[in-house]
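First the structure, in the form of structure tokens, and then the observations on it.
Predicted, not measured: the structure shown is a model, and the values here were computed from it. Remember, it's 1-based here, ligands and their atoms both numbered in the order they're listed.
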Amino acid sequence: MPAKIIDGKAFAATVRGQVADHVSRLKDDHGITPGLAVVLVGEDPASQVYVRSKGKQTVEVGMKSVEHKLDASTSEADLLKVIDDLNNDPEIHGILVQLPLPKHLDEDLVINSIAPEKDVDGFHISNVGLLGTGQKSMVPCTPLGCLMMLRDHHGSLSGMDAVVIGRSNIVGKPMAQLLLGDSCTVTIAHSRTKDLPDVVRRADIVVAAVGRPEMVPGDWIKPGATVIDVGINRLDAPEKGEGKTRLVGDVDYDSCAAVAGAITPVPGGVGPMTIACLLANTVTACCRANGLPEPDGLTA
Ligand code: NDP
């Protein structure tokens, strides 16, 4: 039987709808508009696209969107001042500093200067610690989106064997923590893992977050397993015309889809969920800041 395709684009639209409903209730019942501030330093073209898209979707769900575009040569002190002002702005509930930052800026220092309760990317060391100890935190958006799709597909994840390929701080590690929080038996694989195919073959759930195009072939996948492909890799596609490219994930979609029970496509899988979860985190942060109940199903 062919794998069920987990449609991240449709799921993200549902999440945005839930966020918009909650935003409208916050406005009508409490006169509160959640606000998200995005800080971009420099002119990295990919970052500019992400920031534009985040701003547009923030406005579409009825939230306030603020963008701070700073010159690539901005000093650390000036950037920290912008963040400090946002930390103290009662109309801003979420702050995101678009990464990567120019080389002269200390990323850890900058991220840890965001007030943890406004850290909607979930990268602040306090949120990392809270997630690691199973406490209420702001959860990184990409792993949160993966978790939502897995819960939606399976209901309970309890007792399942999960293998996360990749151990980055922004995807692999928090993904593993979330799966552990849902009582999976979790293995984190990385570039030094021995017998990766054998490790992956044990998994009921495979999350690939590596950054290597189509690295995971179908014969690594246990029949019926669920495959979540986080990878976004751009390959040349001369068949589409000169200079054209196509996006592929970290798994070889066709061979994995032939064996898996369910799979996320690239594009249209994890990617759209990331911004939807950023909006979800902002509304969650706003509710927490105002001592109001959080929306159901929009956080871990
Ligand atoms: P990193 O480069 O930070 O981490 C990659 C991880 O993959 C590392 O832990 C590395 O291991 C591991 N790895 C590399 N080669 C191998 C290998 N041959 N076998 C097993 N493991 C390997 O990447 P990110 O976590 O930031 O991103 C991963 C992918 O997800 C990228 O394609 C990125 O574009 C995509 N991404 C997608 C998002 C979305 O919204 N859909 C959001 C964020 C990322 P080691 O630690 O040993 O070096």
Side-chain angles (χ1 to χ4, degrees), residues 5-13 15-16 38 44-47 49-54 57 96-101 107-108 111 120-123 128 131 138-150 162-179 186-203 206-217 219-221 227-235 245-253 256 263-281:
I5 297 168
I6 300 177
D7 185 344
K9 205 171 161 196
F11 200 116
V15 171
R16 286 197 303 274
V38 177
D44 178 65
S47 294
V49 172
Y50 286 135
V51 167
R52 243 195 325 273
S53 180
K54 285 167 185 169
Q57 294 190 34
L96 178 150
V97 176
Q98 185 66 44
L99 301 178
L101 289 171
E107 246 170 47
D108 287 339
I111 295 304
V120 280
D121 251 345
F123 296 160
V128 174
L131 178 62
M138 295 309 302
V139 178
C141 302
T142 299
L144 178 58
C146 297
L147 182 75
M148 283 185 186
M149 290 193 286
L150 284 166
V163 171
V164 179
I165 319 176
R167 56 175 163 179
S168 72
N169 290 336
I170 62 167
V171 188
K173 283 182 199 154
M175 186 73 246
Q177 298 283 7
L178 289 172
L179 291 167
V186 183
T187 303
I188 306 177
H190 45 78
S191 66
R192 307 294 175 89
T193 297
K194 287 184 189 152
D195 286 329
L196 185 60
D198 273 358
V199 171
V200 175
R201 266 184 215 116
R202 293 201 295 263
V206 180
V207 180
V210 184
R212 293 172 72 99
E214 301 174 325
M215 187 189 95
V216 178
D219 64 2
W220 292 13
I221 302 297
V227 177
I228 304 289
D229 191 352
V230 180
I232 302 177
N233 309 287
R234 200 168 277 284
L235 297 182
T245 58
R246 63 189 175 99
L247 284 186
V248 299
D250 289 342
V251 310
D252 177 46
Y253 184 81
C256 287
I263 187 165
T264 59
V266 176
V270 175
M273 285 298 286
T274 297
I275 298 186
C277 287
L278 173 70
L279 305 176
N281 276 349

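- Close approach to Gly166 involves these atoms of ligand 1, each under 4.0 Å from a residue heavy atom: 6 (C), 7 (O), 9 (O).
- Atom-to-atom distance recorded for Thr142:OG1 and Ile228:CD1 is 12.5 Å, nearest 0.5 angstrom.
- A distance-only check finds a donor-acceptor pair linking the side chain of Asp7 to the backbone of Ala10 [under 3.5 Å].
- By the criterion of a heavy-atom distance under 4.0 Å, the side chain of Val171, and not its backbone, is placed next to ligand 1.
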Before giving the answer on side-chain contact (heavy atoms from CB on, under 4.5 Å), spell out for Val200 and Ile221 the whole-Å C-alpha distance, their side-chain angles and the decisive distance to 0.1 Å. CA-CA 7 Å; Val200 175; Ile221 302 297; 4.2 Å; yes

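- Ligand 1 has an N or O atom lying under 3.5 Å from an N or O atom of Ile232, backbone or side chain.
- Given atom 2 (O) of ligand 1, the protein heavy atom at minimum distance is Val210 O, 4.3 Å.
- Across every non-hydrogen atom of Thr193 and Ile188, the tightest pair is OG1-O, 4.5 Å.
- Protein heavy atom closest to atom 21 (N) of ligand 1, with residue, atom name and distance, is His190 C, 3.2 Å.
- Close contacts between ligand 1 and Gly271 involve ligand atoms 41 (N) [criterion: under 4.0 Å to a heavy atom].
- Under a 4.0 Å criterion applied to the non-hydrogen atoms of Ile170, ligand 1 contributes the atoms 26 (O).
- Under the 4.0 angstrom criterion for non-hydrogen atoms, Ala189 is not in contact with ligand 1.
- Among all non-hydrogen protein atoms, the one lying nearest atom 15 (N) of ligand 1 is Arg212 CD, 3.4 Å.
- A donor-acceptor pair under 3.5 Å links the side-chain atoms of Arg201 to the main chain of Asp219, judged by distance alone.
- Contact annotation: for Thr193 versus ligand 1, there are no heavy atoms closer than 4.0 Å.
- Of all protein heavy atoms, the one lying nearest to atom 11 (O) of ligand 1 is Ser191 N, 3.3 Å.
- Checked by atom type and distance alone, the side chain of Asp121 never pairs as donor or acceptor with a backbone atom of Phe123 at under 3.5 Å.
- Contact analysis puts Val270 in contact with ligand 1, with a non-hydrogen atom separation below 4.0 angstrom.
- For ligand 1, the polar-atom distance check finds an N/O of Thr274 within less than 3.5 Å of one of the ligand's N/O atoms.
- The minimum heavy-atom distance between Ile275 and Ser53, with the atom names listed, is CD1-OG, 3.5 Å.
- With hydrogens and angles ignored, the 3.5 Å screen pairs no side-chain donor or acceptor of Asp250 with any backbone N or O of Asp229.
- Nearest approach of Pro174 to Ser168, heavy atoms of both residues: CD-O, 3.7 Å.
- For atom 17 (C) of ligand 1, the nearest protein heavy atom (residue, atom name, distance) is Met215 SD, 3.9 Å.
- Looking at Met273 against ligand 1, nothing comes within 4.0 Å, counting heavy atoms.
- Scanning the protein heavy atoms around atom 31 (C) of ligand 1, the nearest turns out to be Gly211 CA, 3.6 Å.
- Atom 35 (C) of ligand 1 has its nearest heavy-atom neighbour, among Val230, Leu196, Thr142, Val199, in Val230.
- Of the protein's non-hydrogen atoms, Ser168 OG, 3.7 Å is the one closest to atom 24 (P) of ligand 1.
- Ligand 1 has no atom lying under 4.0 Å from any heavy atom of Gly172.
- At the top of the distance list for atom 9 (O) of ligand 1, counting protein heavy atoms only, stands Arg167 N, 2.8 Å.
- Closest approach of Thr264 to Met149, counting heavy atoms only: CG2-CE, 4.1 Å.
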